[in-house]
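The structure under discussion appears below in the form of C-alpha cells.
Model, not experiment: these values are computed from the prediction. We're numbering straight along the sequence, starting at 1. Each ligand, and each atom within it, is numbered from 1 in the order the structure gives.
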Amino acid sequence: MQIEDIKGIGPKATSLLHKLNIYETSDLLTYFPFRYNVLKKSDLNSAKQDENIVIDGRVKSIPRLYFYGRRMDKMTFQIESDSLLINVVIYNRGFLKSNFVLNDYVTLIGKYDLKHNLLVANDIRFYKLPEKPLIEPVYHLTYGLSNKSFQKYINSVIFLDIALTDYIPKELASKYHFVSKDMAIKVIHQPNDEKTLKQAILRLKYEEFFLFMLKMQYLKNQKEKDDGIARNISRDNIDSLAKTLPFTLTLDQLKCITEILNDLNSPKRMNRLLQGDVGSGKTIVAFFATYFNYLSGYQTAFMAPTEILALQHYENLKQIFKNYDIKIACLTGKMKAQEKKAILENLKTGQIDVLVGTHTLFQKQVEYKNLGLVITDEQHRFGVNQRTTLKGKGKAPDMLAMSATPIPRTYALTIYGDMDISNIKTLPSGRKKITTILKSESDIKDVLAMMLEQLKAHHQIYVIAPLIEESDKTNQEDVMKLTEKMQKAFGKFYKVGTLHGKLSSSEKDKIMTSFKNNEIQILISTTVIEVGIDVKNATMMVIFDSYRFGLSTIHQLRGRVGRNDLDSYCILISNRETERLKILTEYQDGFTISEKDFELRGSGDLFGLEQSGEMIFKLANIKKDYQILVKAKEDCEEFLKLDGATEYLEAIKFKEIMQKIADLD
Ligand code: ADP
Ligand code: MG
C-alpha cells in the first residue's frame, strides 16, 4: 500500500516522506529510529552541577516572558517537583507561554544548575511522567517533519495488517526465541520497556545479516557452479621457479601459491583474494599463478590500478621470466596507435602469453585468444562494480585478486564473502620497522635536516605532496611549489624529480626509472606513488598535510620504504588531527591500523566500499554487531544444507531478490 492511501497522511506529509525514500507502508515501518530517549525521572538529591536531568512537577508560578536582542526571548517560572521548588528557564519558546497552566503537570528535560537551583529546559512535555521509564524513539528526519508527526504516521500504519516478509526461518526463530517480525516492528517503534526493545532490535539485526549472508552464499555457490578450466600442473613447478628467485619464499607465500595451484587444477572456477600487508610479497605469488597458467597453455591478463604500477609489474615479469619463453606485453592508455594495434593483433592470435595493463585490458576491442586467468592487483581500487564486469570477459577465466588494504575481518567476511581468501600474514624476514615521526609545519627545518642525513648516506627519499582532489589543477601547482622548495634546499647536490597525474606515461616511466636507478634522489609525487612501487634504496618518506589522508592510505604509502634491511623513516607533517595520526607512530601492521581507523572514523578509508549498495544495513552495524554477523553467517551456511531450505527460499521469493540485484549491476 502507498503511504498517500493512509488516513492521516496528507499530500504534504507524503511529499516529506518521499524525501526520506518512504513510498510504501512497508518503507515507513522499516524506517527505524536511530536512537531512543529514555525519560526516566532523575533523582534531584543526587544530581550534580550541570547534569542533564528529567523531572516532572506542577507549575507553581505564571511564566514571565522577556524579549531581548533580535527575536529572542526568555521565559521563567517555578515548578514543584517532589515537594521541591525549582526555577525554570526556557529560551525562545515564548509561544508556549499560555500552555503552562498553574498547577498542571509538566515534564522538563535540560541542564540543572545545582548552585542556583535552576533548570534550563530544552525539551518540554505537557504531561506527568509515567511510573516506569518512557522510551521515545527518535528518527532521522527532514526539515518540516517533526519526530512527533512521524510517530503519528507510524501509529496510523502499525496496526494495519501489513505482512512484511519474515526472512528468519522458523527453525532459527525458535532456536533463538525470536519474536515475530510484526511484533519486533511494533516494539521498535513503540517500545514499552528496554528489555523487549533490545530483543526486538537484536532480532531485526539478525534478520538483516541473515538475508545478507544468504545472498553472499548464493553468489558463492553460483560461482562454484561456473565451470572453470581443469589444469594439470605438477607441484614440481613450484620448486623449479622458486629456485631461480633471488630470495627464499616465506611459508605464507608457499601456502598461498599451493592454494592457487590447487584452485587452478580444480575444474571449478577460481575466485580467490590474496590478502597481505604492504610489502608482504604478493606480487611474486601472482607471478607463480601467471606461470602455472602459462604452463597449461592459457593467456593471463594482469591488471594494475595505475600505469606506473603496470609498468613495474611488466618489468618485473620480464626479469623473473627472462630465461623462459613467455611472451609478455604491456598495454598502456597513452601508447601509440600502431603499437597498440600490434599488441591487440598478437593477443588475438595467441602471440602474447601475458598482458599487463590498467583497466584498458578489458575494453571492448581487446580480444584474447584463450584467456585463462585474470589477476587484479590492488583490487580494492577498482570498486565493487568493476569486479562484476570483469568476470563477463572470456569463457570462464580464473580470478585472482590482490589487496594490500588490510581489511578488518568484519569487512572481509562481508564484501568478499563470495571469495576464497589466502592470507600472507608474515613479512619476509629482515624487514625493519619504519620509524614514523609526527612533525608540525613549523618543524620543517628538522625535517630538512633529517632528509639531508639520509641523502648523505646515499639513500633516496619520497616526498608526498598534499592531496587535493584528483586531477585538480591546484594539485599540480602544489606539487610544483613543493618541487621548488626542495630544489632550493637540496638542488645543489641532489637531483629532484616530480611525478604528477598530468604527465604522459612515458614521462612518468622515465622519471620512475631514473628514481629506480638512483639518478634522482628525491622524488616528489602526489599519491600516484601510493600503490606497489618498489625501490629498495628509498629509506625515507615525507608526507605533507598528512591529516588529509586516511590511516590505511598512509600506511600503504609508507610501505614504499623499509623494503630491505636499512633503517627507514616516515615523517608525517601535519598541524591537525595529530591524535589520529599518532596511531601510525605506534603501530606497524596494517591490520591493526585499519581496525583503529575503523573505530575512529566508522568505515575508515576502505576504498570502494560505499559503492556497494549491499553494504548498507538499515539497523545493523558491521562493526558493533559483529558477533551477530558471525552467528548469522554460521546459521545461514548450516541452514542451507537442510532439506527445508528450498521451500524456504521459495517462500521468501529469493530468486526475485537476486534478480533485482543482478539488474542493478
Ligand atoms: P606487496 O605485497 O606490497 O605487493 P611486493 O610483492 O611488491 O609487496 O614485495 C615487496 C618486496 O619484497 C619486493 O621487492 C619483493 O621482491 C620482495 N620479496 C617478496 N617476497 C620476498 C621474500 N620471500 N623474501 C625477501 N624479499 C621478498
Ligand atoms: Mg603490490
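The ligand atoms of ligand 1 that sit less than 4.0 angstrom from a heavy atom of T248 are 22 (C), 23 (N), 24 (N). Every atom of ligand 1 with a heavy atom of T283 under 4.0 Å away is listed here by number and element: 4 (O), 5 (P), 6 (O), 7 (O). Residue T250 approaches ligand 1 through these ligand atoms, each under 4.0 Å from one of its heavy atoms: 23 (N).
Contact of the F490 side chain with the L452 side chain is registered, since non-hydrogen atoms from C-beta on lie closer than 4.5 Å. Within the 4.5 Å cutoff, the side chain of L355 has no heavy atoms near those of the F302 side chain.
Counting heavy atoms under 4.0 Å from ligand 1, residue M402 does not touch it at all. By the criterion of a heavy-atom distance under 4.0 Å, the backbone of L249, and not its side chain, is placed next to ligand 1. Contacts between I424 and ligand 1, counted as non-hydrogen atom pairs separated by less than 4.0 Å, are absent for every part of the residue.
Nearest-heavy-atom check against atom 20 (N) of ligand 1 across Q319, Q275, Q253 picks out Q253.
Distances between N or O atoms of V278 and those of ligand 1 include no value under 3.5 Å. Inclusion of P428 in the set of residues having an N or O under 3.5 Å from an N or O of ligand 1 is not warranted.
With sequence neighbours excluded, no residue forms a ring pair (Phe, Tyr, Trp, His ring centres under 6.0 Å) with Y314. Residues satisfying the salt bridge (Lys or Arg N to Asp or Glu O under 4.0 Å) criterion with D443, sequence neighbours excluded, are absent altogether.
Atom CG of L251 sits in a sparse spot, with 12 or fewer heavy atoms from other residues, nucleotides or ligands closer than 6.0 Å.
Note on ligand 1: S280 sits in its first shell, one or more heavy atoms being nearer than 4.0 Å.
In this pair, Y291 and Y294 present their aromatic rings parallel. The plane angle is below 30°, not in the 30 to 60° band. Ring pair H313/F287 is perpendicular by interplanar angle, where above 60° counts as perpendicular and below 30° as parallel.
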